[in-house]
**Q** 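I have a structure here, written as structure tokens, and I will follow up with some questions on it.
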Amino acid sequence: FKELRYGPEACIPELLLEILPHATIVITARRPFPTVLSSVSSWNKELFQENNQAFNEASLRTAIKNHAENWLRYSEYFAELMQKYPERVFVNRLECPSQLPDLFDAIGIEFSNELRELSTNVFNSNERTKVIQESAALMAVLDEELSIFLERFQMVEKRFFYELEKSPRS
């Protein structure tokens with residue numbers, strides 16, 4: 001199920017664990033920086049002009065903060081769920097297509113060549129993300145705004161068993 005509909009507010013994952021005593025939840029987790037970058041570029045298209053030379057900085061900062069807070073809210077909820085149900089809730093790190101076979105192994109599904117090709121296309125589908133990454137001005141705003149959340153990001157990443165690094169972009 002999709003966390004946007006069934007996350008912290010609805011507590012559906014916890015309800016499912018309570019009513020289905022043999023159920024297991026595998027959470028796919030991504031690091032905050034690439035997740036926020038992807039979210040901003042996907043859900044805030046109106047902030048960027050075609051040439052990306054001009055952008056509304058105040059609106060961009062608000063969007064970054066909102067997506068960072070959203071990442072934290074959902075990640076903290078799922079980290080708490082892992083702590084409460086350690087034998088039934090697991091995290092699978094998912095940053096690139098090469099990690100998908102591990103996810104499929106975790107849920108007991110064969111990772112076919114067709115799935116491999118499809119996943120590569122999905123992971124590489126957001127051209128706006130690449131444009132933002134190539135803009136020093138946009139990346140400077142992103143870095144500055146996300147640095148505010150760095151300590152909380154690292155706390156959640158530690159709960160999700162990520163190797164901690166100094167850069168929030170990792």
Side-chain angles (χ1 to χ4, degrees), residues 1-8 13 25-50 52 55-82 89-107 111 115-170:
F1 52 87
K2 186 72 177 146
E3 78 284 351
L4 293 175
R5 293 189 184 154
Y6 306 113
I25 294 177
V26 178
I27 301 161
T28 56
R30 290 181 64 202
R31 296 199 102 141
F33 190 94
T35 303
V36 172
L37 174 62
S38 175
S39 297
V40 167
S41 65
S42 296
W43 296 100
N44 301 96
K45 299 171 190 171
E46 74 284 355
L47 296 179
F48 310 102
Q49 295 181 4
E50 266 188 50
N52 278 310
F55 57 92
N56 182 326
E57 187 172 329
S59 295
L60 177 61
R61 289 181 183 279
T62 299
I64 292 167
K65 287 177 186 173
N66 289 342
H67 290 292
E69 288 167 353
N70 192 54
W71 185 92
L72 281 164
R73 187 171 64 254
Y74 282 92
S75 296
E76 288 168 344
Y77 168 73
F78 286 119
E80 289 169 14
L81 207 59
M82 284 174 45
V89 179
F90 304 93
V91 168
N92 187 277
R93 183 175 171 178
L94 188 59
E95 303 290 348
C96 64
S98 66
Q99 294 169 320
L100 279 170
D102 293 337
L103 170 62
F104 278 72
D105 283 347
I107 59 177
F111 192 69
L115 283 173
R116 186 178 315 280
E117 185 177 325
L118 177 64
S119 66
T120 301
N121 292 337
V122 168
F123 270 89
N124 296 321
S125 65
N126 193 338
E127 287 298 317
R128 264 180 312 288
T129 297
K130 293 175 188 169
V131 170
I132 292 171
Q133 289 173 318
E134 293 169 2
S135 167
L138 290 171
M139 290 304 289
V141 172
L142 192 65
D143 281 341
E144 184 180 325
E145 289 303 323
L146 291 182
S147 69
I148 297 166
F149 297 94
L150 185 57
E151 188 174 312
R152 286 180 63 202
F153 284 161
Q154 289 175 334
M155 286 174 28
V156 173
E157 287 179 321
K158 191 181 282 188
R159 292 174 79 183
F160 280 164
F161 315 111
Y162 279 95
E163 293 292 321
L164 297 180
E165 297 154 11
K166 292 183 181 183
S167 170
R169 276 197 217 188
S170 304

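Both backbone and side-chain heavy atoms feed into the values below; hydrogens, waters and symmetry mates do not. In this chain, numbering begins with 1 at the start of the sequence shown. Just so it is clear, the structure is predicted and the values come from calculations on it, not from any experiment.
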**Q** Give, for atom CG of L150 and atom CE of M155, the distance between the pair rounded to the nearest 0.5 Å.
**A** 11.5 Å

**Q** Just so I know, are the side chains of F149 and P32 near enough to count as touching, which here means a heavy-atom distance under 4.5 Å?
**A** no

**Q** Would you give the length of the straight line joining atom CD of E157 to atom CZ of R30, rounded to the nearest 0.5 angstrom?
**A** 12.5 Å

**Q** Which atoms form the tightest heavy-atom contact between P13 and L81, and what is the distance?
**A** CB-CD2, 3.6 Å

**Q** Starting at CH2 of W43, measure out to CG of N70 and round the result to the nearest 0.5 Å.
**A** 10.5 Å

**Q** Between R61 and E57, does the salt bridge (charged side-chain N to carboxylate O under 4.0 Å, His left out) criterion hold? Intermediate values first, please.
**A** CA-CA 6 Å; R61 289 181 183 279; E57 187 172 329; 2.7 Å; yes

**Q** Taking atom CD1 of I148 and atom CD of E69, what is their separation to the nearest 0.5 Å?
**A** 9.5 Å

**Q** Could you report the tightest heavy-atom contact between M82 and R159, atom names first, then the distance?
**A** CE-O, 3.6 Å

**Q** Check whether any side-chain heavy atom of F33 sits under 4.5 Å from a side-chain heavy atom of L146, and report yes or no.
**A** yes

**Q** Output yes when a side-chain donor or acceptor of W71 lies under 3.5 Å from a complementary backbone atom of F153, and no otherwise.
**A** no

**Q** If you round to the nearest 0.5 Å, how far is CG of L37 from CZ of R31?
**A** 14.5 Å

**Q** Determine the minimum heavy-atom distance between S75 and F160, stating which atoms define it.
**A** O-CZ, 3.4 Å

**Q** From L60 CG over to N44 CG, what is the distance, rounded to the nearest 0.5 angstrom?
**A** 8.0 Å

**Q** Is a side-chain donor or acceptor of S38 paired with a backbone partner of P34 at a separation under 3.5 angstrom?
**A** no

**Q** Looking at every non-hydrogen atom in both residues, tell me the closest pair between I64 and V36 and how far apart they are.
**A** O-CG1, 4.0 Å

